[in-house]
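A short write-up of the structure that comes next.
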Amino acid sequence: MTGTWTLIRLILRRDRLLLPLWIVIGAALPPSIAASTARLYTDQAGREVFAAASMSNPAQLAMRGVIYDPGVGGLTAWTLGSSTALIGGLISILLVVRHTRVEEETGRRELLASGVIGRHAPLTAALAVVLAANLLLGLLGVPGLVADGLAAGSSLLFGLSTAAAGWALAAVAAVAAQLTAGSGTARGLAVATGGALFAVRSLADAGGIAWLGWLSPFGWVRLTRPYAGDHWWVLALPVAFTAALSAAAYVLSARRDLAGGLLPARPGPAEGTLSGSFALAGRLHRGSLAGFAIGFGLLGAVLGSAAGGLDAQLGAPAFRRLAETIGGEGARASDVFFSFVTYVLSQLVAGAALVSALRARAEEAAGRAELLLSGPVGRLRWALGHLFYAAAGPVLLLAVLGAMAGLTYDGDALRVAGATLAYLPAVWTVVGVAVLLSGALPRLAGAVSWSVLGLILVVDLVAEFKLASGFVLELSPFVHVPALLLGGGDPAGALLGLTVLAVGLAAAGLAFLRRRDLVPSS
């Protein structure tokens with residue numbers, strides 16, 4: 001563990017923008033949602049009506065779970081429990097992989113290891129920072145909840161359960177970082193695992209299979225039941241899960257070579273076979289794209305299976321009327337469910353696309369781009385190779401997600417895949433932002449790009465509860481995508497506008513890249 005504190009300071013310096021932004025926004029949300037809930041529903045009767053309507057909505061059950069208490073506290077915990085766990089878990093995965101596997105992949109870990117740094121110090125430092133950040137995020141929201149009139153003990157439990165989800169996914173990422181030699185594959189494996197765990201919780205609540213909720217950290221977050229009995233003992237489950245996986249990560253780390261993974265890498269050909277910069281980009285991106293594709297395919301199959309039984313399970317007249325209110329005359333409960341789920345999952349696809357969009361910047365920061373560009377390779381051709389996979393990757397992921405879901409819940413893969421692919425321009429817009437930042441502000445590209453995606457998630461959440469004006473809601477590209485499964489009308493205008501915006505952002509980023517010096521330091 002020698003040198004752990006020094007590495008912790010290094011991580012805090014490198015993430016001095018991302019970490020505070022994530023913590024401050026995450027801590028401010030619970031008090032805001034609690035105040036909004038109290039303002040919108042001034043009496044208990046109104047809150048009970050809202051809770052009953054929400055529990056009759058399969059999409060709400062899938063994404064947020066069961067409402068255990070219709071009070072202000074219970075509704076706040078229901079609103080934010082799964083959402084903050086999902087966002088916090090994703091950020092935790094990215095941070096752990098960034099400060100473990102990426103450091104080895106770029107060679108910085110080897111340089112540090114030549115000094116007075118213990119073998120387990122990098123993993124310990126990464127876990128310490130990410131676990132502490134999750135804990136701080138959870139605790140900072142407690143005073144605001146208490147100021148809103150909610151019970152202090154229940155508020156503390158809610159904050160700790162939110163942190164526990166981030167801990168669990170950080171431990172998943174720590175194990176994934178030991179298994180593979182590539183950071184992209186490690187991210188894909190960890191995100192796919194997190195998606196599968198979230199799908200298990202969704203199936204437990206939407207499908208009425210309660211015992212499944214006990215198999216997922218996302219289920220444990222809800223089963224602590226803050227403001228509805230306060231089951232403190234449930235917190236032992238994510239703590240034990242985190243401890244077990246973290247211990248496994250240390251054991252695996254001691255059994256592998258530096259910069260290698262436990263899963264054997266396939267040996268390459270005896271002679272080089274890459275035909276150019278596009279082929280090299282494909283080789284660099286294929287591992288992460290394959291991991292993400294498998295993860296989203298499995299996620300689509302699980303969610304499709306959950307949606308497939310909803311039309312029969314929710315065949316009562318009240319449920320049919322609710323589905324028609326949301327989706328129009330003749331709308332099915334399964335289509336309402338999957339439309340809502342697709343909206344959220346498209347933002348996860350945007351996260352996967354960001355990994356690809358920022359790969360060129362990672363190659364530049366590691367110094368490998370400089371070596372490549374010293375040969376007969378132009379900057380634009382090199383950058384366009386990475387941009388091609390950043391743009392084509394979401395096509396694959398959304399198509400796989402929709403096709404697997406369609407096959408498992410109504411047999412019409414083309415119809416559902418078409419609805420998921422409608423989110424492609426919104427995802428491309430996020431990619432365009434990353435390309436622009438990589439060209440104009442290379443040192444800040446990673447932190448700011450992920451922060452922009454996080455802000456989009458926050459805008460969607462707070463706008464839903466009328467904490468932001470309609471103008472603020474318009475800033476999210478995902479809100480402009482029509483729900484095609486529900487007969488959302490002609491999408492051509494909105495999708496064309498987003499595509500033009502994405503192309504403009506990417507073109508501006510490439511123009512900046514042509515005119516600036518390479519920046520080989522992160």
Side-chain angles (χ1 to χ4, degrees), residues 8-9 11-39 64 72-96 99 125-171 217-218 220-222 224-227 230 232 234-235 238-239 242 447-448 450-462 464-465 467-468:
I8 288 175
R9 292 170 57 197
I11 292 173
L12 293 175
R13 178 174 178 79
R14 293 181 64 193
D15 290 335
R16 60 187 179 275
L17 294 178
L18 178 60
L19 281 175
L21 183 64
W22 168 39
I23 292 171
V24 170
I25 292 177
L29 274 178
S32 301
I33 295 296
S36 176
T37 301
R39 184 175 67 253
R64 293 190 173 126
V72 173
L75 291 177
T76 300
W78 170 77
T79 300
L80 289 176
S82 293
S83 300
T84 53
L86 187 62
I87 297 172
L90 177 61
I91 295 176
S92 297
I93 287 173
L94 296 172
L95 287 174
V96 169
H99 294 295
L127 285 174
V129 170
V130 175
L131 299 187
N134 278 283
L135 180 61
L136 187 59
L137 185 154
L139 294 179
L140 286 179
V142 174
L145 291 170
V146 174
D148 287 333
L150 301 181
S154 296
S155 299
L156 178 60
L157 177 60
F158 175 58
L160 291 177
S161 64
T162 299
W167 296 345
L169 271 296
F218 294 103
W220 302 333
V221 168
R222 299 292 298 117
T224 56
R225 298 194 181 194
Y227 309 104
D230 292 354
W232 284 88
V234 178
L235 280 179
V239 170
T242 303
V448 177
W450 286 109
S451 299
V452 168
L453 180 58
L455 287 174
I456 289 173
L457 299 178
V458 171
V459 165
D460 287 338
L461 182 62
V462 299
E464 180 181 352
F465 287 86
L467 295 176

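Residue V72 comes nearest to A34 through the heavy atom pair CG1-O, 3.6 Å, listed as atom of the first residue, atom of the second, then distance. Nearest heavy atoms, A128 versus I8: CB-CD1, 4.0 Å. In plain terms, the two heavy atoms of L80 and F158 that are nearest each other are CB-CZ, 3.9 Å. Closest approach of S154 to Y227, counting heavy atoms only: CB-CD2, 3.3 Å. Between P226 and L157, the closest heavy-atom pair is CA-CD2, 4.0 Å. Across G153 and W232, no two heavy atoms sit closer than the pair O-CZ2, 3.3 Å.
Of the inter-residue distances, the one linking L169 atom CG with W167 atom CH2 reads 13.5 Å to the nearest 0.5 angstrom. Here the OG atom belonging to S161 is positioned 8.5 Å from the CZ atom belonging to R222, to the nearest 0.5 angstrom. In this structure, the separation between CH2 on W450 and CD1 on I91 is 9.0 Å, given to the nearest 0.5 Å. Taking CD1 of I33 as the start and OG1 of T76 as the end, the distance is 7.5 Å to the nearest 0.5 Å. How far CD1 of I87 is from OG1 of T162: 11.0 Å, rounded to the nearest 0.5 Å. A distance of 10.0 Å separates CD1 of I23 from CG of L135, quoted to the nearest 0.5 Å.
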Donor-acceptor pairs are to be reported for all side-chain atoms of residues 136-151 against protein atoms at under 3.5 Å, with residues two or more places apart or in another chain.
none

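Here side chain to side chain donor-acceptor pair (under 3.5 Å) pairs that include residues 126-140, with residues two or more places apart or in two chains, are S92-N134. Listed by first then second residue, pairs satisfying salt bridge (Lys or Arg N to Asp or Glu O under 4.0 Å) with a partner in residues 79-92 number zero, not counting sequence neighbours.
In terms of modelled atom types and a separation under 3.5 Å, the side chain of R14 and the main chain of I11 share no donor-acceptor contact.
Annotation: ring-ring contact (aromatic ring centres under 6.0 Å, His included) contacts of F218 (sequence neighbours excluded): F198. The side chain to side chain contact (heavy atoms under 4.5 Å, CB included) check on V448 picks up L437, L444, V452, with sequence neighbours excluded. Applying the ring-ring contact (aromatic ring centres under 6.0 Å, His included) rule to W220 yields the partners F241; only residues at least two apart in sequence or on another chain are considered.
Counting heavy atoms from C-beta outward, L95 and V129 have side chains that stay 4.5 Å or more apart. The side-chain heavy atoms of V221 and T84, taken from C-beta on, include no pair separated by under 4.5 Å. Side-chain contact between D15 and H99: present, with at least one pair of heavy atoms (C-beta onward) separated by less than 4.5 Å.
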